[in-house]
Engineer: 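Here it is, the structure in full.
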Amino acid sequence: MCGIVGAIATRDVSPILIDGLHRLEYRGYDSTGVALLDDKGVLQLRRAVGKVVKLEEKLRESPCAGRIGIAHSRWATHGGVTEANAHPHVSGGRIALIHNGIIENYVELRAELQAKGYVFASETDTEVIAHLIHDFAREGSDLTAAVQRAVRRLKGAYAIVVFDAQQPDRICVARIASPLVIGLGSDGGNYVASDVQALLPVTRRFQFLDEGDVAEIRRDSVTIWDAHDQRIERPVHESSLSADAVERGDYAHYMLKEIHEQPRALADTLSERLLGDHVLEAALGPAAERILPLVQSVHIVACGTSYHAGLVARYYLEQGARVPCTVEVASEYRYRDPVVMPGTLFLAISQSGETADTLAALREAKKLGYVGTCAICNVAESSVVREADLALMTRAGPEVGVASTKAFTTQLAALGMLGLAIAQRRGLDRRTVALYARQMAQVPTLVEHTLKLDGQIREWAKRFADKHHALFLGRGPSYPVALEGALKLKEISYIHAEAYPAGELKHGPLALVDDDMPVVAVAPNNALLEKLKSNLQEVRARGGQLFVFADPNTGIEPADGVDVMTMPDHIEALQSPLIYTVPLQLLAYHVAVLRGTDVDQPRNLAKSVTVE
Ligand code: G6P
């Protein structure tokens with residue numbers, strides 16, 4: 001999704017803006033642009049279709065510098081991927097503006113502004129905001145007042161950053177439903193960006209804006225007004241992230257780095273919460289003591305990979321904690337007008353904590369009489385965490401690859417702990433709780449062993465690279481693992497991949513199976529193994545090529561058309577979704593590398609989907 005960087009300082013800010021854009025590349029985008037006010041007071045605009053390097057080429061051909069500037073990476077919503085649609089948008093040669101979000105009433109505003117003589121240079125919804133602010137500035141409002149007046153006219157979601165060539169002492173920002181963070185510099189400058197990672201090289205001190213806030217950022221001060229135009233102080237947070245937390249190191253891709261970071265990320269997520277034989281409830285926050293005893297059932301809402309984590313969690317909660325659990329994608333939930341059973345906990349799962357649908361679902365849920373709301377999230381300062389009653393943070397560290405890996409497995413670890421916390425409250429006997437706690441504690445080491453399969457998986461990948469379709473099968477909690485494996489493969493290799501609960505095979509997908517269709521099976525040694533084996537026979541009988549990830553003692557042997565990869569020994573039911581996910585991530589990764597796709601930033605996708 002769109003990335004935003006803005007800076008006002010006593011030195012040339014162009015390198016800070018370009019570095020910030022690079023640091024936001026992981027969000028996914030298709031064009032970029034920068035506007036700077038040069039020392040002669042002239043607004044300089046450079047934009048380019050494609051990656052940030054294209055913008056850098058333009059800047060080399062036609063350099064510009066300035067002590068105030070804004071930069072943007074655009075993920076197209078309204079209007080095609082063209083230079084004219086790229087941000088910043090400029091009005092009257094003086095107002096330069098960047099925007100993340102969607103303005104719902106832009107057609108009406110566009111007509112109004114056209115009637116006043118404004119000529120539109122793009123097809124975007126964003127350009128109306130630039131002209132609206134210009135219109136108010138032309139009437140005599142200072143930039144801050146013009147922004148306050150303009151945002152009152154906007155319907156929808158936005159984070160905007162704007163400067164006026166005629167008032168070079170400030171940049172102004174505003175946000176509703178799109179993330180925006182102010183970075184407080186100690187070097188004669190202040191900054192703004194979509195997330196803290198963009199600004200870590202210049203500051204570690206951040207202020208997060210609330211819904212409806214407008215801020216005026218000068219070189220030596222930041223002033224914030226709330227949604228009612230009242231002056232307000234927002235707390236200053238010190239980030240503990242290091243600037244190189246988002247560096248790739250020696251890995252060829254962020255995704256590979258993040259796959260290999262999983263043992264550490266899981267250990268961090270479990271530490272201080274999983275205390276030998278029980279889970280520390282307080283890890284969920286002070287409201288846990290009040291809310292957990294009331295929980296009779298759980299409703300989980302999420303998107304994408306986080307939704308798959310929710311599907312696994314249903315098994316943890318129902319089979320482990322004996323709590324009824326339902327799971328739903330957020331974009332459906334928010335418009336469904338759901339009926340809430342008494343005693344239900346609403347659980348939002350989100351890596352970023354800013355996904356528009358998940359956030360909207362959480363807000364909807366807060367009106368509906370749940371016993372409480374809970375977030376499983378990777379970003380402590382995110383909107384979802386700020387707005388939920390309880391939160392259990394994953395400690396995966398920043399995830400840059402668009403295809404989620406370590407965020408997913410750490411979500412599973414957090415969900416396992418949440419299940420145990422609820423089970424403890426519901427009186428599950430202490431020995432069973434202690435057993436589950438020990439099993440969970442072994443997961444980081446088991447993942448480390450599983451990563452050693454990398455070489456063999458790379459060999460398997462060669463046999464997928466020229467395929468057009470692949471099928472993934474699993475039963476029970478291995479079904480969502482298969483879903484996640486198929487999602488990884490399609491996201492980054494662009495091979496059409498589907499996952500099915502293996503028992504459904506004969507109700508449709510079997511029609512697709514022939515000797516050109518690789519079929520991946522997730523085969524832990526559990527109560528459903530024999531049934532899965534029968535399903536695999538059905539595939540073999542139609543000439544399908546089987547690639548089976550199996551426990552050592554499943555009795556599934558390699559044969560003609562059957563390849564078997566042996567997983568580490570003694571994987572327990574609780575551990576299995578976490579462990580079996582890892583080889584599927586590696587498979588998708590190696591297939592994508594062989595196909596030469598953009599692994600970390602696959603086409604058309606965004607890391608953080610902050611628009612509906
Ligand atoms: C996007 C990302 C996915 C992610 C999904 C939900 O589609 O590309 O990797 O799973 O959003 O994101 P969230 O931050 O809410 O987990």
Engineer: Starting at CG of Leu311, measure out to CD of Glu484 and round the result to the nearest 0.5 Å.
Structural biologist: 10.0 Å
Engineer: Looking only at the side chains, is there a donor atom on one of Gln442 and Gln575 sitting less than 3.5 Å from an acceptor on the other?
Structural biologist: yes
Engineer: Of all the heavy-atom pairs spanning Thr269 and Ala413, show the shortest one and how long it is.
Structural biologist: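 Smallest heavy-atom distance, with atoms named: CG2-CB, 4.4 Å.
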Engineer: Using a strict cut-off of less than 4.0 Å between a Lys/Arg side-chain nitrogen and an Asp/Glu carboxylate oxygen, indicate whether Glu104 and Lys155 qualify as a salt bridge.
Structural biologist: no
Engineer: Can you tell me how far the CD atom of Glu491 sits from the CZ atom of Arg603, to the nearest 0.5 Å?
Structural biologist: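 The CZ atom of Arg603 is 12.5 Å from CD of Glu491, to the nearest 0.5 Å.
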Engineer: Counting only N and O atoms by type, is there a donor-acceptor contact under 3.5 Å from the side chain of Glu258 to the main-chain atoms of Val400?
Structural biologist: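 Yes, because the side chain of Glu258 sits within donor-acceptor range (under 3.5 Å) of the backbone of Val400.
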Engineer: Rounded at 0.5 Å granularity, tell me how far CD in Glu572 sits from CG in Leu578.
Structural biologist: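 Nearest 0.5 Å value for the CD-CG distance: 13.0 Å.
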Engineer: For the side chain to side chain contact (heavy atoms under 4.5 Å, CB included) test, which of Val52, Leu24, Leu21 pairs with Tyr29?
Structural biologist: Val52
Engineer: Tell me whether Lys257 is salt-bridged to Asp600, with the criterion being a basic N under 4.0 Å from an acidic carboxylate O.
Structural biologist: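 Not counted as a salt bridge, because no side-chain N and carboxylate O are separated by less than 4.0 Å.
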Engineer: Of Ile4, Asn100, Asp195, which meets side chain to side chain contact (heavy atoms under 4.5 Å, CB included) against Leu180?
Structural biologist: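 Considering Ile4, Asn100, Asp195, a side chain to side chain contact (heavy atoms under 4.5 Å, CB included) with Leu180 is found only for Ile4.
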Engineer: On a heavy-atom basis, which atom in Pro235 and which in His237 lie closest, and how many Å separate them?
Structural biologist: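 Taking every non-hydrogen atom into account, O-CD2, 3.7 Å.
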Engineer: Between Arg74 and His99, is a side-chain contact (heavy atoms from CB on, under 4.5 Å) present by the stated rule, with each step listed?
Structural biologist: CA-CA 9 Å; Arg74 171 174 187 252; His99 164 225; over 6 Å; no
Engineer: Any heavy-atom pair between the side chains of Ser14 and Val34 that's under 4.5 Å?
Structural biologist: no
Engineer: Output the distance between atom CG (Leu280) and atom CD (Glu272), rounded to the nearest 0.5 Å.
Structural biologist: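 Going from the CG atom of Leu280 to the CD atom of Glu272 covers 9.5 Å.
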Engineer: Checking the side chain of Gln585 only, and the main-chain atoms of Lys488 only, is there a donor and an acceptor separated by less than 3.5 Å?
Structural biologist: no
Engineer: Answer yes if the side chains of Glu216 and Thr144 hold a donor-acceptor pair under 3.5 Å, and no otherwise.
Structural biologist: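 Yes, because at least one side-chain N or O of Glu216 sits under 3.5 Å from a partner of the opposite role on Thr144.
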Engineer: Given Ser306, which of Ile376, Asn378, Thr358, Ile349 fulfils the side chain to side chain contact (heavy atoms under 4.5 Å, CB included) condition?
Structural biologist: Ile349
Engineer: Decide yes or no for Phe163 and Ile8: does some side-chain heavy atom of the first lie under 4.5 Å from some side-chain heavy atom of the second?
Structural biologist: no
Engineer: Please find out if less than 6.0 Å separates the ring center of His308 from that of Phe408.
Structural biologist: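 Distance test on ring centres: not under 6.0 Å, no.
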Engineer: Going by an N to O cut-off under 4.0 Å, is there a salt bridge joining Lys51 and Asp598?
Structural biologist: yes
Engineer: So, Thr344 and Ser297: side-chain donor and acceptor under 3.5 Å apart, yes or no?
Structural biologist: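 There is such a pair between these side chains.
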Engineer: Between Thr409 and Gln262, is there a side-chain donor-acceptor contact under 3.5 Å, judged purely by atom types and distance?
Structural biologist: yes
Engineer: Would you please test Ile68 and Val13 for side-chain contact (heavy atoms from CB on, under 4.5 Å) and show each step?
Structural biologist: CA-CA 6 Å; Ile68 172 169; Val13 296; 5.7 Å; no
Engineer: Closest heavy-atom contact between Gly372 and Ile291?
Structural biologist: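 Minimum heavy-atom contact is CA-CD1, 4.1 Å.
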Engineer: Can any side-chain N or O of Tyr316 pair as donor or acceptor with the backbone N or O of Leu574 at less than 3.5 Å?
Structural biologist: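 Present.
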Engineer: Are the side chain of Gln351 and the backbone of Ala407 linked by a donor-acceptor contact shorter than 3.5 Å?
Structural biologist: no
Engineer: Between atom CZ of Arg314 and atom CD of Gln319, what is the distance when rounded to the nearest 0.5 Å?
Structural biologist: 10.0 Å
Engineer: Got a salt bridge between Arg363 and Glu387, using NZ or NE/NH1/NH2 to carboxylate O under 4.0 Å?
Structural biologist: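 Looking at Arg363 and Glu387, the cut-off is met.
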Engineer: Take atom CD of Glu238 as the centre, draw a 6.0 Å sphere, and report whether it contains more than 12 heavy atoms from other residues, nucleotides or ligands.
Structural biologist: yes
Engineer: Does Thr203 reach the main-chain N or O of Leu184 with its side chain, forming a donor-acceptor pair under 3.5 Å?
Structural biologist: yes
Engineer: Determine the minimum heavy-atom distance between Ile160 and Val151, stating which atoms define it.
Structural biologist: CD1-CG1, 4.2 Å
Engineer: Does Ala252 offer a backbone N or O that forms a donor-acceptor pair with the side chain of Arg248 under 3.5 Å?
Structural biologist: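 Side chain of Arg248 to backbone of Ala252: a pair is present.
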Engineer: Verify whether one side chain among His253 and Tyr589 offers a donor that lies under 3.5 Å from an acceptor in the other.
Structural biologist: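 There is such a pair (donor and acceptor under 3.5 Å, judged by atom type) between the side chains of His253 and Tyr589.
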Engineer: Does atom CD (Glu211) have a neighbourhood of more than 12 heavy atoms from anything else shown, all under 6.0 Å?
Structural biologist: yes
Engineer: Measuring from atom CZ of Arg334 to atom CD of Glu332, what distance do you get when rounded to the nearest 0.5 angstrom?
Structural biologist: 11.0 Å
Engineer: Starting from the C-alpha separation in whole Å, work towards a yes-or-no answer on side chain to side chain donor-acceptor pair (under 3.5 Å) for Glu25 and Ser73.
Structural biologist: CA-CA 8 Å; Glu25 283 193 288; Ser73 50; over 6 Å; no
Engineer: Output yes when a side-chain donor or acceptor of Ser331 lies under 3.5 Å from a complementary backbone atom of Asp357, and no otherwise.
Structural biologist: no
Engineer: Under the 3.5 angstrom rule, does the side chain of Thr373 hit a backbone N or O of Asp389 as a donor-acceptor pair?
Structural biologist: yes
Engineer: With a 6.0 Å cut-off (strictly less than), is the heavy-atom count around CZ of Arg322, excluding the residue itself, greater than 12?
Structural biologist: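 Open.
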Engineer: Evaluate side-chain contact (heavy atoms from CB on, under 4.5 Å) for Thr394 paired with Lys406, printing each intermediate quantity in order.
Structural biologist: CA-CA 10 Å; Thr394 51; Lys406 61 178 181 170; over 6 Å; no
Engineer: Looking at Arg231, Arg234, Arg175, which hits salt bridge (Lys or Arg N to Asp or Glu O under 4.0 Å) with Asp213?
Structural biologist: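 The option that passes is Arg234.
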Engineer: Taking all heavy atoms of Thr355 and all of Ser350, pick out the closest pair and write down the distance.
Structural biologist: OG1-OG, 3.8 Å
Engineer: Flag the pair Thr410 / Arg395 as yes when at least one side-chain heavy-atom distance between them is below 4.5 Å, and no otherwise.
Structural biologist: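 They are not in side-chain contact.
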Engineer: Check whether any side-chain N or O of Arg386 sits under 3.5 Å from a backbone N or O of Glu381 as a donor-acceptor pair, and report yes or no.
Structural biologist: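 Indeed, once roles are kept as given, a pair shorter than 3.5 Å links the two residues.
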Engineer: As a test of understanding, state which of Ile300, Val340, Leu362, Val298 forms a side chain to side chain contact (heavy atoms under 4.5 Å, CB included) with Phe346.
Structural biologist: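 Only one of Ile300, Val340, Leu362, Val298 forms a side chain to side chain contact (heavy atoms under 4.5 Å, CB included) with Phe346, namely Leu362.
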Engineer: Just to verify, which of Ser382, Ser178, Ser383 counts as forming a side chain to side chain donor-acceptor pair (under 3.5 Å) with Glu354?
Structural biologist: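 Output: one option passes, namely Ser383.
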Engineer: Can His72 and Ser31 be said to form a side-chain contact (heavy atoms from CB on, under 4.5 Å), step by step?
Structural biologist: CA-CA 8 Å; His72 189 265; Ser31 57; over 6 Å; no
Engineer: Look at the side chain of Asp125 and the backbone N and O of Ile103, then say whether any donor-acceptor pair between them is shorter than 3.5 Å.
Structural biologist: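 Flag set: sc Asp125 to bb Ile103 pair under 3.5 Å.
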Engineer: Quick one: closest heavy-atom pair of Pro338 and Tyr333, and the distance?
Structural biologist: CG-CE1, 3.5 Å
